[in-house]
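Notes to accompany the following structure.
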Amino acid sequence: MRLDNMLLAEGVAGPEKGGGSAAAAAAAAASGGAGSDNSVEHSDYRAKLSQIRQIYHTELEKYEQACNEFTTHVMNLLREQSRTRPISPKEIERMVGIIHRKFSSIQMQLKQSTCEAVMILRSRFLDARRKRRNFNKQATEILNEYFYSHLSNPYPSEEAKEELAKKCGITVSQVSNWFGNKRIRYKKNIGSKQTERGAMAPQNKMQFLSPQNLGSSSSFNMSNSGDLFMSVQSLNGDSYQGAQVGANVQSQVGTFR
DNA sequence: AGTAATGATTTGAG
DNA sequence: CTCAAATCATTACT
């Protein structure tokens, strides 16, 4: 149920439609609740999302069809058997129930995988750190001016933040971020200036080097754009598993004969 | 290529 | 909630 709601919210499981426009609109509605200013950045995202959506629906339909086919197949088998031995309606009902449960658990896997794919997509495209742009010269000038003229107490009030945000053409939270970064980095600079006495320089360099080497090199080979395909393939893998489960049920039923 | 700068996020304290 | 601190991810510079 939760997965259903989430897929619905992401615009994946919404109303059925083949063309890209509905998916795009759904994606815009899903992601654009707070801010929808950069349309070029989102077009890629929307394309990928509608791709996921399409695969999801194809797979879902396939499962549905397979489920129906298999159900009728089993029903036929049971009908055939009813000629040689008595079969109660209760038993038939039970079989159908088992089949439906099996297939719905397979659908669950599909939904889970789709959710994961969407989450990865979101984190790839909607994480603001990935599309950072430096503020323009004038904005940083204004911010610096305020910072250095209030150096004794560089904590702008809410109103001052709004004022600065308006002047610089950025949001209030961006102003807050800037001051947070500025305060800590200013303090750090002062500290390192005072410690800089001859032999300490190499240590400083080492300190700055090590965290970067640790952090940046390996992290995103795992989850870049190719990963969408990975997820998609894992969906297909699930469908294989589904077929196998189906085959299992089939073979179990086959022992009836 | 390697490094510094820099905006954004996460974490933890108050 | 705000803030400091650490960290991440991108951009700018050499």
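In what follows, every chain begins at residue 1, and chains take the letters A, B, ... in the order their sequences are listed. Please read these numbers as outputs of a predicted model, since none were measured by experiment.
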- Task: Kindly indicate whether the side chain of A:Glu64, heavy atoms from C-beta on, has any atom under 4.5 Å from the side chain of A:Gln107.
- Result: yes

- Message: Contact between A:Trp178 and A:Ile170 at the side-chain level, heavy atoms closer than 4.5 Å - yes or no?
- Response: no

- Identify which nucleotide among B:dG7, C:dA6, C:dA5 has an atom closest to any side-chain atom of A:Lys188, counting heavy atoms from C-beta outward. C:dA6

- Answer whether the closest heavy-atom distance between the side chains of A:Arg183 and A:Lys187 falls below 4.5 Å. no

- Note on the structure: In this structure, CG of A:Leu60 is separated from NZ of A:Lys111 (nearest 0.5 Å) by 6.5 Å

- Query: Is A:Glu91 salt-bridged to A:Arg94, cutoff N-O under 4.0 Å?
  - Reply: no

- Rounded to the Å, how far apart are A:Tyr186 OH and C:dA4 P? 14 Å

- Query: Roughly how many Å is it from CZ in A:Arg185 to C1' in B:dA5, rounded to a whole number?
  - Reply: 8 Å

- Task: Figure out the CD1/C1' separation between A:Ile170 and B:dG7, and round it to whole Å.
- Result: 10 Å

- Task: Specify the separation, in whole Å, of atom NZ of A:Lys182 and atom C1' of C:dA5.
- Result: 17 Å

- Which distance, rounded to the nearest 0.5 Å, do you find between the NE2 of A:His57 and the CG of A:Leu110? 10.0 Å

- Query: Do A:Lys182 and A:Leu143 have side chains that get closer than 4.5 Å, going by heavy atoms?
  - Reply: no

- Message: Which residues pass the side-chain contact (heavy atoms from CB on, under 4.5 Å) test with A:Lys166, not counting sequence neighbours?
- Response: none

- Note on the structure: From CZ of A:Phe135 across to C1' of C:dT10 the rounded distance in Å is 13 Å

- Over how many whole Å does the gap from A:Ile184 atom CD1 to C:dT7 atom C1' extend? 12 Å

Show each protein N/O and nucleotides 11-14 of chain C N/O combination with a separation under 3.5 Å, one pair to a line.
{"unit_1": "C:dT11", "atom_1": "OP1", "unit_2": "A:Arg133", "atom_2": "NH1", "d": "2.5"}
{"unit_1": "C:dT11", "atom_1": "O4'", "unit_2": "A:Arg132", "atom_2": "NH2", "d": "3.2"}

- Task: State, yes or no, whether a side-chain contact exists between A:Thr58 and A:Glu61 at a heavy-atom distance under 4.5 Å.
- Result: no

- Note on the structure: To the nearest angstrom, the CD-P distance between A:Gln174 and B:dT6 comes to 16 Å

- Message: Has A:Ser157 got a side-chain atom pairing as donor or acceptor with A:Ala160's backbone, closer than 3.5 angstrom?
- Response: yes

Which atom pairs link the protein and nucleotides 1-3 of chain C when you take only N or O atoms and keep those under 3.5 Å?
{"unit_1": "C:dC3", "atom_1": "OP2", "unit_2": "A:Lys161", "atom_2": "NZ", "d": "3.3"}

Using a cut-off of under 3.5 Å, enumerate the N/O to N/O pairs linking the protein to nucleotides 10-14 of chain B.
none

- Classify the angle between the aromatic ring planes of A:Tyr146 and A:Phe179 as parallel (below 30°), tilted (30 to 60°) or perpendicular (above 60°). perpendicular

- What pairs with A:Thr171 under side-chain contact (heavy atoms from CB on, under 4.5 Å), at least two apart in sequence or on another chain? A:Ser173, A:Gln174

- Query: Of all of residues 140-148 of chain A, which get a heavy atom below 4.0 angstrom from DNA chain C, listed by number?
  - Reply: none

- Could you tell me whether A:Glu162 atom CD has more than 12 heavy atoms of other residues or ligands within 6.0 Å of it? yes

